[in-house]
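Inspection log for the structure reproduced underneath, given as structure tokens.
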Amino acid sequence: MPRLHVNIDHVATVRQARHSDTPDPVFAAAICELAGANGITVHLREDRRHIQDRDVRILKETVKTLLNVEVALVDDMLAIALEMRPDQVCIVPERREELTTEGGLDTAPCLDKLHTEVPKLKGAGIEVSLFVDPMPKPIEDAARCGADYVELHTGAYANARGKEREAELKRLQTAATYAHEMGLRVNAGHGLDYENVLPIAQLPYLEELNIGYAIVGRAVYVGLDQAVREMQDRILAAQPD
Ligand code: PXP
């Protein structure tokens, strides 16, 4: 069964709405873990719109499962990742004006940098993942630069309906198999919710799901503990008997 990593960025979004100290993503992470999350994910954005450096620093000390930090492929952020040494780093594309990460990493223009930076992170004992669209080229580039994982971007699948969603699912299935054949481990995430997660939780070779917005949103109604448990139940229900 794939492991559930809860992305707690939007706990910090609420805190930053008032530039205050609550709700604290550090507390939220502990509740997620107690509810059965297998890992905690945060995106330390260059503009610090939600997660702050202080959050990552404390989470590094307090998270008992696994801490995955998403960063852009830029020197400042990579230096912070190297200094903080989370268990995993996921390299993501970032644009200041976007509401959320909109697409996978365009690996072609940054291949040289990937070839330099991925080994540095791995040398520091950090597992490295690249957030990519479900297409052959970025998967091949991820394998060539020595990444451990690809995280397949499920946003197009999540936004599609009907036949289009079926086609997006097929692309993800093909990409997961291809990544495995290329020697990569396979994660997935973005835009997943309690309804659309089921077929994704059945992707071949899938190890980790990164889910944030849907869980934090549901937590407003039922509490964070229950929101995490309900998502774990969905992932479990998707597994064959
Ligand atoms: N994976 C990556 C790489 C992301 O950037 C995000 C959003 O921060 C997620 C997963 C989680 O997406 P969502 O909040 O839509 O569940």
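Every number for a ligand or one of its atoms is a count from 1 in the order of the listing. Quick note: numbers below take in every heavy atom, side chains included, and nothing from hydrogens, waters or symmetry partners.
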For this session: Among all protein heavy atoms, pick the one closest to atom 15 (O) of ligand 1 and tell me residue, atom and distance.
Result: G191 N, 2.8 Å

Exercise. Got an N/O contact under 3.5 Å between F131 and ligand 1?
Worked result: no

Problem set entry | Structural part of E70 in contact with ligand 1, heavy atom criterion under 4.0 angstrom | side chain

For this session: Using atom types as modelled and distance alone, determine if a side-chain donor or acceptor of Q202 lies under 3.5 Å from a backbone N or O of P240.
Result: no

Problem set entry | Donor-acceptor pair, side chain of E207 and main chain of R185, under 3.5 angstrom | no

Problem set entry | Those atoms of ligand 1 less than 4.0 Å from some heavy atom in V92 | 3 (C)

Exercise. Cut-off 3.5 Å, side chains only: do N187 and E151 have a donor facing an acceptor?
Worked result: no

Problem set entry | Short N or O distance, G212 and ligand 1, threshold 3.5 Å exclusive | yes

Exercise. Hey, is the main chain of H115 close enough, under 3.5 Å, to the side chain of E117 for a donor-acceptor pair?
Worked result: no

Exercise. Quick one: nearest non-hydrogen protein atom to atom 8 (O) of ligand 1, plus distance?
Worked result: N7 ND2, 3.4 Å

Exercise. Rounded to the nearest 0.5 Å, what separation is found between the CG atom of L59 and the CG atom of N68?
Worked result: 11.5 Å

For this session: Check N210 against ligand 1 and report side chain, backbone, both or neither, counting heavy atoms closer than 4.0 Å.
Result: both

Exercise. So, E140 versus Y178: side-chain donor-acceptor pair below 3.5 Å or not?
Worked result: yes

Exercise. Identify the closest protein heavy atom to atom 12 (O) of ligand 1: which residue and atom is it, and at what distance?
Worked result: H190 CA, 3.4 Å

Exercise. Got an N/O contact under 3.5 Å between E151 and ligand 1?
Worked result: yes

For this session: Over 60° means perpendicular and under 30° means parallel, so classify the ring planes of H153 and F131, tilted if in between.
Result: parallel

Problem set entry | Part of D9 within contact of ligand 1 (heavy atoms, under 4.0 Å) | side chain

Exercise. Can A214 be said to touch ligand 1, with heavy atoms closer than 4.0 Å?
Worked result: no

Exercise. Y205 side chain to E181 main-chain N or O, any donor-acceptor pair under 3.5 Å?
Worked result: no

Exercise. Does Y213 approach ligand 1 within less than 4.0 angstrom via side chain, backbone, both or neither, non-hydrogen atoms only?
Worked result: both

For this session: Without swapping roles, check the side chain of E230 against the backbone of Y194 for a donor-acceptor pair under 3.5 Å.
Result: no

Exercise. Under 4.0 Å from any heavy atom of I211, which atoms of ligand 1 are there?
Worked result: 16 (O)

